[in-house]
Every structure is written in C-alpha cells, then in structure tokens.
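First up is the structure itself, then whatever we jot down about it.
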Protein chains: 2
Amino acid sequence: MDFTLKPIQPVSTRDAVYDALRALILQLELPPGTAISEKDISLKFNVSRTPVRESFVRLAQEGLLEVYPQRGSYVSLIDMNLVEEARFMREQLEVAVVRLACAEFPAERLTELERNLSQQRASIEAHDYRLMFELDEAFHRTIFEGCNKTNTWQVLGSINAHLNRSRMLRLAADQQWDHLFEQHLGIVEAIRIHDEQHAAELMTAHMHLTIEDQSLLRAKYPDYFKS
Amino acid sequence: MDFTLKPIQPVSTRDAVYDALRALILQLELPPGTAISEKDISLKFNVSRTPVRESFVRLAQEGLLEVYPQRGSYVSLIDMNLVEEARFMREQLEVAVVRLACAEFPAERLTELERNLSQQRASIEAHDYRLMFELDEAFHRTIFEGCNKTNTWQVLGSINAHLNRSRMLRLAADQQWDHLFEQHLGIVEAIRIHDEQHAAELMTAHMHLTIEDQSLLRAKYPDYFKS
DNA sequence: ACTACCACACTACCATACAAGTGTGGTAGG
DNA sequence: CCTACCACACTTGTATGGTAGTGTGGTAGT
C-alpha cells in the first residue's frame, strides 16, 4: 500500500515565478530601483503575463515591488525607516522568545542548535559567508520552533525581507561573523542553564549588531536607498 | 498656482474588490468556511474575473482565504494557534512601544489620546460597541504614531486580521468595555507621568484581556474554528 | 535656435476564452 | 437493490487581445 500523497500541484506557474523573482530581489540580483515589466518577465520565463502579474501583486503587497499604473514597475528602494522598524520588531520578538526558551526548551531542539553552532564554526573558518547567512537564519528559526512560535517566525520572515536586503549588502564586507558567532554561543548556553536575564541581554545586543554601519552602506550604494 | 496632486488612480477595480471582500470577511458577513468562487464575486461586483482573482491572491497571502486549485476557495477558518501567536506578537510590540511612549511622546498626540478617551466614554454610555471597537483601534494606533512606529502598526494590522475576527465574535457579547476603558485611562496617565513600569504592566494585562473566554466562543461557533 | 506639439512605443489594467482538474448525480449493468 | 461508471457542471489556472494612460523623441512651425 502506498500512502504517499500525490502533490496537490506539481508547482503552479505563479508560485514558481513568485519564488524566482523574490529570490532575485532579496539576493540583489535585481537591485533596488530596477525597472521590470510584466512583459519582460513573461518572455524571460516563457509564460503568459497572467501568472507574472499575480506574482507582482504579491511582491507589491510585501513591499518588494512598486507598481505605478500605466507607467511601470520597479524593485522598491530600501527604506531606512522601514528597515529600522523591522529591526525593532525583530528585536522585541526575538528577546521575548528567547526568554520563553530559557523557561522551557525541548532537548532535541537544543541539540539541533548545538549542531548548527558547529556548522557555523566550520563555515566561518571556510569563509563561506553565504552559508553562514543561512545558518544564522536557521539558528534563530530553531529557537522560535522550540517555543511553538512557528507562525511568528513566518511573519518575521516577510517583515525582514527589507532588513535582509540591507544585510545582504554587507555580506562581502567584514560583517563581524566572529562576534555574531560568540553571541550565538552565549545564547545557547544561557538557554541551557535557564539564565533568562543574560539571554535577553545577549539577544538585544545581537539584534543591534546586525544593522550598524548603515551610513557606510548608504554612501557606498546611494542609488539603492530611498529619500 | 495649484499644487494639488491629481489622484494617481481614482481607484483601481482590484483595490475596490479587495477592500470590499476584506471588510466582509473581517466583519464576519462572510463567515469562516464560506465558499466563494471567483465567478460569483465577479458577477456580484459586475467586473471580470481578473481583478477578483488578484484580490483572492492578496487575501490568500494574508491567510484570510484558502484557495484549493480546481476545487474552490473558502474563507479561512479561525486558527486558534495563529490567534494566540498574533496576540503574543501584539503584546510584545505594544508593550515595547508604550515604554517608548513613556520616555518621549509628542504633546499633540497626548491630547489626541485624551480626546479619544472622552469619545470612548461617550460611546460606552451609548452602548455603541461598533464605534468603541474603532476607537480602540485608533487609540492604539495613535500611540504607535507618537513613537514613530507607523510601519510597525501597519504590520500589526495584517497580523491582527485573525485576532480581530475572533474579537468581532465577542462584539455583541458582554466584552468588558468598562474594564478596557479603565485600562486605557491608566495607560494614558502612565504615559503622561512617564511611569514606564506601570504602563508596561497595564498594557500586558490589557493585551491578555482582549482574548479570554475563547473556549466559550468555540462552543458557541464550532463551525468557525479550525482543527 | 528654440518651442510647441504630436505620433508612437511602452506600461499596467481589465475582459474574455480556453484548458485542466474535481466532485456529483444519474444511469446502465449486474 | 447495489455498484461501477461516465457525462456534466462546476472550480481555479493560464493565455491573449484590447483599452487607456504615460513618457519620449522627432518634427514642424516660429
């Protein structure tokens, strides 16, 4: 007997286009300000304008795309006000969740965090910053999952689209990965020994570290920023 | 010389349909579980399927609509896990913002809060709960605006769609508006005298009050809830 | 040389037709 | 009476044509 569920949909064209465009925007391969038209994209992907259009609707709702009727669509510029508020929201939620984690955290999630940490160490030594970026995401997601706050993490995912775009600009830069890694170590230790106060302090500092040097970024990529 | 900007768009059909459907869903005039088809809506609004469809995409992204390809679309059921996490997120952000407000808050916003409070008092005496609901929204929004956290409030707006739907169920019920009003009074007073600790405690309690008695709701409207 | 104007290429918006999958009710066969 | 099956009436997904508004570059007129 085969209980495998047949995929509800192999993959809808709309979702495929959406995923592709979103990835291109977040990885800055479509830099802020880039003009993109439904027609262009539909030709590049060899699909009709309909699924492209619907992808545009979703991207516009997330604030990643600005659509001006009858004039054109543009990858949205990075809005520093928005980025700062995204950082603010993330800080509040991350701190609150890590406090919960100090009170109660499943053992298997803790080992998952430790496994992640060892991978982080390896990727830093290998100077693989792209991988380190992904591990950092996974690290924080695991904390949320361990506290049964999966939906919260998903909401953060869309909120942080802008935040991550500016973080991506610093990927090549020095980005003090060593420092971030030390903080990760401390956070996991605090969770293990249920030191809520210390965990909260570490997480607060951690959330501030991910966004400094914005004026430098602005100077380096002036065209990518708004106002 | 006339510097008035002509409206970029009188109002796109898509946005009109989206706004209408969203309001219908949030006010439970389209109850959770209701089947709605693109065709039906397009006939009712006398527009083609295209703008309706794009509205569906947006509503589905917000989690207010479930779309099953080739089978139908349904107003999403209320997911209590989601509601609780929405409440959690809102609590963290509201508390953080009210702390900011205690440190610094513009005078004109404070008078706006006081004006709002007197309107609340009047609407409670008039038993106009619908108006009270709106005043409550405006009250919290004003606090966010006074702290330059407008974007944060907007994000909360989409997060709280689910939360508000379950709150709406209680509108006719007793919904201890008196108690909520007392807390509002206390919060404004705490902001005025910069009593951060007290404000945070009041807001925490306030955020918990808005969601109690869920089991009662579930018993009363079992078909509206998920799992 | 400069300005006003207009045709044209381009955009997103909307309507419509067709494609493909799903569930159901009726019917034919056992 | 029961079951298997199939046609049909739905659904959403995709493609395409026409509409209206916008910006630009070239041209005619001064």
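What you see below is based on every heavy atom in this structure, not just the backbone, and it leaves out hydrogens, waters and symmetry mates. Keep in mind that this is a model prediction, so the values were computed, not measured. Lettering of chains follows the sequences in order, A, B, ..., and the numbering in each one begins at 1.
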Please give, in whole Å, the distance from [N] [atom2] to [X] [atom1]?
X       : N      : atom1 : atom2 : answer
A:Arg14 : D:dT12 : CZ    : P     : 11 Å
B:Lys39 : D:dC10 : NZ    : C1'   : 10 Å
A:Leu43 : D:dA15 : CG    : C1'   : 13 Å
B:Glu38 : C:dA15 : CD    : P     : 14 Å
A:Leu59 : C:dA12 : CG    : C1'   : 15 Å
B:Glu66 : D:dT11 : CD    : P     : 18 Å
B:Glu54 : C:dC13 : CD    : C1'   : 8 Å
B:Ile36 : D:dT12 : CD1   : C1'   : 13 Å

Does [N] have OP1 or OP2 sitting under 4.0 Å from an N or O in the side chain of [X]?
X       : N      : answer
B:Thr50 : C:dA15 : no
B:Ser12 : C:dA12 : no
B:Arg53 : D:dG13 : yes
B:Ser37 : D:dT11 : yes
B:Arg71 : D:dC10 : no

*Base, sugar-phosphate, or nothing: which does A:Arg49 touch, judged by heavy atoms less than 4.0 Å apart?*
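Here A:Arg49 touches the bases of the nucleic acid.
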*Side chain of B:Glu38, backbone of B:Arg53: donor and acceptor closer than 3.5 Å?*
no
*Out of D:dA15, D:dT12, C:dC14, whichever nucleotide has its closest atom nearest the side chain of B:Ser48*: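 Minimum distance to the B:Ser48 side chain belongs to C:dC14.
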*Nearest to the side chain of B:Val47, which nucleotide is it out of C:dA15, D:dT14, D:dT12?*
C:dA15
*Between A:Asp15 and B:Asp40, name the one whose nearest nucleotide on DNA chain D is closer to the 5' end.*
B:Asp40
_Basic-acidic side-chain contact under 4.0 Å: B:Arg141, B:Glu145_ = yes
*Look at B:Arg167 together with B:Asp136 and state whether they make a salt bridge at an N to O cut-off of under 4.0 Å.*
yes
*asked:* Taking pairing as Watson-Crick or G-U wobble with both contacts under 3.5 Å, can you name the mate of D:dG29, or confirm there isn't one?
replied: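 Paired with C:dC2.
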*Any donor-acceptor N/O pair under 3.5 Å between C:dT22 base and B:Gln70 side chain*: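 Flag unset: no donor-acceptor pair detected.
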_Residues B:Arg87, B:Glu91; criterion salt bridge (Lys or Arg N to Asp or Glu O under 4.0 Å); working and verdict_ = CA-CA 6 Å; B:Arg87 192 209 58 76; B:Glu91 176 188 332; 2.7 Å; yes
Please set out all donor-acceptor pairs under 3.5 angstrom arising from side-chain atoms of residues 16-26 of chain A, sequence neighbours excluded.
residue	atom	partner	partner atom	Å
A:Tyr18	OH	A:Arg22	NE	3.4
A:Tyr18	OH	A:Glu62	OE1	2.4
A:Arg22	NE	A:Glu62	OE1	3.4
A:Arg22	NE	A:Glu62	OE2	3.4
A:Arg22	NH2	A:Glu62	OE2	3.2

